[in-house]
Protein chains: 2
Amino acid sequence: MYEGAVQDLIDELGRLPGVGPKSAQRIAFHLLAADPVDVRRLVTALTEVKERVRFCSVCGNVTEEEQCKICRDPRRDVAVICVVEEPKDVVAIEKTREFHGRYHVLGGAISPIEGIGPDDLRIRELMSRLADDTITELILATDPNLEGEATATYLARLVKPMNIRVTRLASGLPVGGDLEYADEVTLGRAFEGRRLLDV
Amino acid sequence: MYEGAVQDLIDELGRLPGVGPKSAQRIAFHLLAADPVDVRRLVTALTEVKERVRFCSVCGNVTEEEQCKICRDPRRDVAVICVVEEPKDVVAIEKTREFHGRYHVLGGAISPIEGIGPDDLRIRELMSRLADDTITELILATDPNLEGEATATYLARLVKPMNIRVTRLASGLPVGGDLEYADEVTLGRAFEGRRLLDV
């Protein structure tokens, strides 16, 4: 509908996840009217991310070095590995400041519907990390949904023969939430995982 | 939260209109995993839009030439000008194939709250287009909201002394809509603007 360059930009923006044709048009006109310096900053950020960012050779997290800053940090506990699906899960867990071990980023979860099997994830790399006897606990922090649960079960079975404690994050009521609005599965899990109040 | 380039990209994407921190993160990781060719295409589109696109010297629409393709088209009726707020309004009207005149893009609407007055819009340029006596009708197609109505009223008063027919797009029920769901102002306008059915 628009001439050349404007339409090209709308088309390209429309290919991004979560950006529909209306948003793409809105963003394109915003950029048209924006300071050229701002657009150049966005262009630089896009270019640099492809040039500089790669995946940590140990855990698979995003990094600009050979290893990510968590794997490089000597203060982190090398005996505990927390398995997550995506780099954004690492960020979410780091925000809690509860975990001081290292991570392993699978790059997704097992999903037969999407055609993602164990071989498409960084499971072989995880197994070789577990092989050297320093690991005492493996925390499975894949998402609490169908795919995440399947992946956790698959990994737990795979690791069972080794002498490693395998744990899964607790399911239950969200803190600050309202009991009456919790779905029945979550509420059921909260009962199952109830703890003795030591007062 | 992320290292260097990834965080830079998330920050830049988060500055775009309608892109929150979660979407920015999602888009950034999509681009990280995307084919470098796709990212390069987006970068090219961004760069070209700033280099090539400017505003038509006649109507203010976006174009890559001195004049936009509508102003250059000799088949368009030069006696009718349709005034709109933004280039995307031109596209919306062109899709109807109902209008064969030319446009004038104001670049917004009068809005005291946002500090946009008549001098911030391309009203002076409109007046000089109306000065040469070839224009017989001015269609005010600003948005049917507070700012758009105010702008239309302002323009109608300004043009009144000239011998030009000034019209406003009809307000009424959307086609395919449901009468019971129409808001009362729209329904009121639909009554006001009712037409004789000639059967």
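Chain letters run A, B, ... following the sequence lines, proteins first and then strands; every chain starts at 1.
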Query raised in the report: Are B:V53 and A:L9 close enough, and set up right, to give a side-chain contact (heavy atoms from CB on, under 4.5 Å), and what steps lead you there?
Result: CA-CA 11 Å; B:V53 178; A:L9 180 58; over 6 Å; no
Query raised in the report: Quick one: what part of A:N61 sits under 4.5 Å from any heavy atom of chain B, side chain, backbone, both or neither?
Result: neither
Report summary line: So, the part of B:R15 with a heavy atom under 4.5 Å from chain A: the answer is both
Query raised in the report: Hey, which of A:K95, A:E86, A:K88, A:E94 has the most heavy atom pairs under 4.5 Å with chain B?
Result: A:K88
Query raised in the report: Top residue by heavy-atom pair count (under 4.5 Å) with chain A, among B:D8, B:L42, B:V43?
Result: B:L42
Query raised in the report: Counting heavy-atom pairs under 4.5 Å to chain B, which of A:K69, A:Q25, A:E48, A:R52 comes out on top?
Result: A:K69
Requested in this report: Please look at A:V90 and chain B and tell me whether the side chain, the backbone, both or neither of the residue comes under 4.5 angstrom of a heavy atom of that chain.
Outcome: neither
Report summary line: If one checks every heavy atom of B:V39 against chain A at 4.5 Å, the contacting part turns out to be side chain
Query raised in the report: Is there side-chain contact between A:L46 and B:L46, with heavy atoms separated by less than 4.5 Å?
Result: yes
Query raised in the report: Which heavy atom in A:V62 sits nearest to a heavy atom in B:L32, and how many Å separate them?
Result: CG1-CD1, 3.7 Å
Report summary line: For A:E12 and B:D38 the tightest heavy-atom approach is OE1-O, 4.2 Å
**Report entry** Side chain / backbone / both / neither for B:D11 at chain A, heavy atoms under 4.5 Å
**Finding:** neither
Report task. Can you tell which part of B:A33 gets under 4.5 Å to a heavy atom of chain A, answering side chain, backbone, both or neither? Result -> backbone
Requested in this report: Count the heavy atoms belonging to other residues, nucleotides or ligands that lie under 6.0 Å from CD of A:E114, then report whether that count exceeds 12.
Outcome: no
Query raised in the report: If you tally heavy-atom pairs under 4.5 Å against chain B, which of A:A45, A:A34, A:P17, A:C68 wins?
Result: A:P17
Report task. Please step through side-chain contact (heavy atoms from CB on, under 4.5 Å) for the pair B:R40 and A:K50, ending with a clear verdict. Result -> CA-CA 9 Å; B:R40 217 171 305 133; A:K50 292 307 270 190; over 6 Å; no
Query raised in the report: Checking B:E64 against chain A: side chain, backbone, both or neither under 4.5 Å from a heavy atom?
Result: both
Report task. Name the region of B:T63, side chain, backbone, both or neither, that has any atom closer than 4.5 Å to a heavy atom of chain A. Result -> both
